[in-house]
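Working notes, structure below.
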Amino acid sequence: MKLEEGLGDWRRTHYSIQITPAIDGKKVTIFGWVSSIRTQGGIVFVMVTDRDGSVQVTVNKGKASPSTLERVEALKPHSSIAVRGTVKSMPRAPNGAEVVPEEVRILSVATEAPSFSVYGGETPSLDKRLDIRAVDLRRDKAQTTFKVQRAVLSATREFLSGAGYLEVRTPKLISTATEGGASLFSVLYYNRPSFLAQSPQLYKEELVLPFEKVYEIGPVFRAEESRTQRHLSEITSIDIEEAFVDYHDVMDTLESLVRGVVSSVRASCAKDVERLGRSLPELPERFERLEYKDVVERLAAQGEGISWGDDLTGPATERLGKEHPSFYFVTDWPTQAKPFYIKPRDDDPKVSESFDLMFGPLELASGGSRVSSKTLLVKRLKEQKLKPQAFEHHLKVFDYGMPPHAGFGLGLERLTMVLAGEENIREVVLYPRDKLRLTP
Ligand code: AMO
């Protein structure tokens, strides 16, 4: 007998989550993957898992038809199957009901079993799991992580479009660096050199001219030499840019956005996150706004060996994170530490109108007011050893009434790490890219 069959005219009538005592006696068709098979006396229990959970399919060897029995006995974990049968209340089964099959179709026999258990048990090393990521993603924890990420994305879109920002898509193949030269990936564009975009920075700034308020949720590429738990070579960035506002205004927007996202994730995913023994972060009454100079002064007094002008990294950020375990801003960074497009303060140009949004020791976003004067932008480019000629097209736009503007870039993965309680950024990306990994 040929075991595998096609779909034919079978279509799903119910997902696992819908198999409940409320539909006791109903004929249903379910689809999914075999997650376990257990025989107890004359009964075979087959767990069929779909995207929402599992259904217990209970086969009474004495009562099942020969063809059903034959198929059930041939089943192997991970095979994909279809079951037609009747729902029966069963308090011990998931969702309080099971399916007694009348007909079973094996749609695809699994010829391999992963070297680790997808349905419970110990979690093996990430590298081992990433090698068969599509299977690994069936794990409960991964399902929750990406449910959280979907909730983050839809809440973000809802918030930003509700606040009047227009969604844009800007080129990812570009001719000039936006965030400094070191972390660029070069690509041969026909016979010319080009790069993968490190950020939509210059385009989003230009687009405030026609649209005033824009946002983009898209990929950005960074050739990060060091391999850390917080860095990847390809990430998704949530960027906004807005005309006629400054960095204080966009900090307010970012704070409201994060508040909205956390509340929305709480409403849709809190139970899933709690089931994994984790909890969503509590929102502080107000995101503290700490000036960089005060932070550095305090850390130096605590013996951190840090002085004005230094970046906040390593042990200094860990200490800062312990003192501020939730969401907070560090503002007014030294101008020299920020990219050329960040505006120096009028009253003290050594300091810039900039901010980072932090969660404990983790940087989630950065942004600021932008330079809107062409003369100043050229000067800043030169100070950062960049060639104004390479930015000719961008600079030209500044001749046509570039308004004061401000914005930020928020890392989707870092925000997901915080909400899903993951320590390693690779867990919150379907197919992570880093210096050592370009597959699958
Ligand atoms: P920045 O370079 O700070 O700013 O990036 C913004 C945010 O993106 C995330 N991020 C990363 N996450 C993981 N791996 C990486 N390699 C990585 N690089 C960046 C972080 C970071 O806070 N153009 C500015 C934003 C702006 O001013 O509007 C920019 O790109 O969460």
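Computed from a predicted model, the values in this text were never measured in an experiment. Both counts, for ligands and for their atoms, begin at 1 and track the order of listing.
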Legend entry - Ring centre gap for Phe355 and Phe329 strictly below 6.0 Å: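 Yes, close enough.
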Inset, instruction - Please check if the distance between the ring centroids of Tyr341 and His394 is under 6.0 Å. - result: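 They do not qualify: ring centres at least 6.0 Å apart.
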Inset, instruction - Report yes if Gln201 has an N/O atom closer than 3.5 Å to an N/O atom of ligand 1; otherwise report no. - result: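 Min N/O separation from ligand 1 is below 3.5 Å for Gln201.
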Inset, instruction - Consider every N or O of Tyr341 and every N or O of ligand 1, then say whether any pair is closer than 3.5 Å. - result: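 It does: an N or O of Tyr341 is found under 3.5 Å from an N or O of ligand 1.
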Legend entry - Donor-acceptor pair, side chain of His405 and main chain of Pro403, under 3.5 angstrom: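 Yes, the answer is positive, given that a donor and an acceptor are paired below the 3.5 Å cut-off.
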Inset, instruction - Say whether, by atom type as modelled, one donor and one acceptor occur between the side chain of Thr144 and the main chain of Asp140 under 3.5 angstrom. - result: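 Yes: the side chain of Thr144 pairs with the backbone of Asp140.
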For ligand 1, which atoms sit closer than 4.0 Å to a heavy atom of [X]?
{"X": "Ile425", "answer": "13 (C)"}
{"X": "Glu363", "answer": "3 (O), 21 (C), 22 (O), 31 (O)"}
{"X": "Lys204", "answer": "26 (C), 28 (O)"}
{"X": "Arg230", "answer": "13 (C), 14 (N)"}
{"X": "Gly367", "answer": "27 (O)"}
{"X": "Phe408", "answer": "26 (C), 28 (O)"}

Inset, instruction - Assess Gln198 for proximity to ligand 1: is some non-hydrogen atom of it under 4.0 Å away? - result: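 The answer is no: ligand 1 sits nowhere under 4.0 Å from a heavy atom of Gln198.
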Inset, instruction - Would you please determine whether Gly368 falls within less than 4.0 Å of ligand 1 on a heavy-atom basis? - result: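 For ligand 1, residue contact (heavy atoms, under 4.0 Å) with Gly368 is absent.
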State the [atom1]-[atom2] distance between [X] and [Y], to the nearest 0.5 angstrom.
{"X": "Lys396", "Y": "Glu206", "atom1": "NZ", "atom2": "CD", "result": "10.5 Å"}
{"X": "Ser183", "Y": "Phe195", "atom1": "OG", "atom2": "CZ", "result": "11.0 Å"}
{"X": "Phe408", "Y": "Thr253", "atom1": "CZ", "atom2": "OG1", "result": "6.5 Å"}
{"X": "Leu412", "Y": "Met417", "atom1": "CG", "atom2": "CE", "result": "12.0 Å"}

Legend entry - Ser352 and Lys350: CA distance, side-chain angles, deciding distance, side chain to side chain donor-acceptor pair (under 3.5 Å) verdict: CA-CA 7 Å; Ser352 61; Lys350 286 195 310 307; over 6 Å; no
Students should be able to answer this: which protein heavy-atom is nearest to [atom], and at what distance?
{"atom": "atom 31 (O) of ligand 1", "answer": "Leu364 O, 2.8 Å"}
{"atom": "atom 14 (N) of ligand 1", "answer": "Leu232 N, 3.0 Å"}
{"atom": "atom 27 (O) of ligand 1", "answer": "Arg370 NH1, 2.9 Å"}
{"atom": "atom 5 (O) of ligand 1", "answer": "Arg222 NH2, 3.7 Å"}
{"atom": "atom 4 (O) of ligand 1", "answer": "Ser366 OG, 3.1 Å"}
{"atom": "atom 29 (C) of ligand 1", "answer": "Glu179 OE1, 3.7 Å"}
{"atom": "atom 6 (C) of ligand 1", "answer": "Gly409 O, 3.5 Å"}
{"atom": "atom 17 (C) of ligand 1", "answer": "Ile235 CD1, 3.9 Å"}

Inset, instruction - Would you indicate whether the side-chain heavy atoms of Leu196 and Lys172 approach each other to under 4.5 Å? - result: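 No, side chains not in contact.
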Inset, instruction - Indicate, as side chain, backbone, both or neither, the part of His231 found under 4.0 angstrom from ligand 1 when only non-hydrogen atoms are considered. - result: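 The answer is both.
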Legend entry - Under-4.0 Å salt bridge between Arg230 and Glu413: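 No salt bridge links Arg230 with Glu413.
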Inset, instruction - Answer yes when Arg426 and Asp127 have at least one side-chain N-carboxylate O distance shorter than 4.0 Å, and no when they do not. - result: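 Result for this pair is no, no salt bridge flagged.
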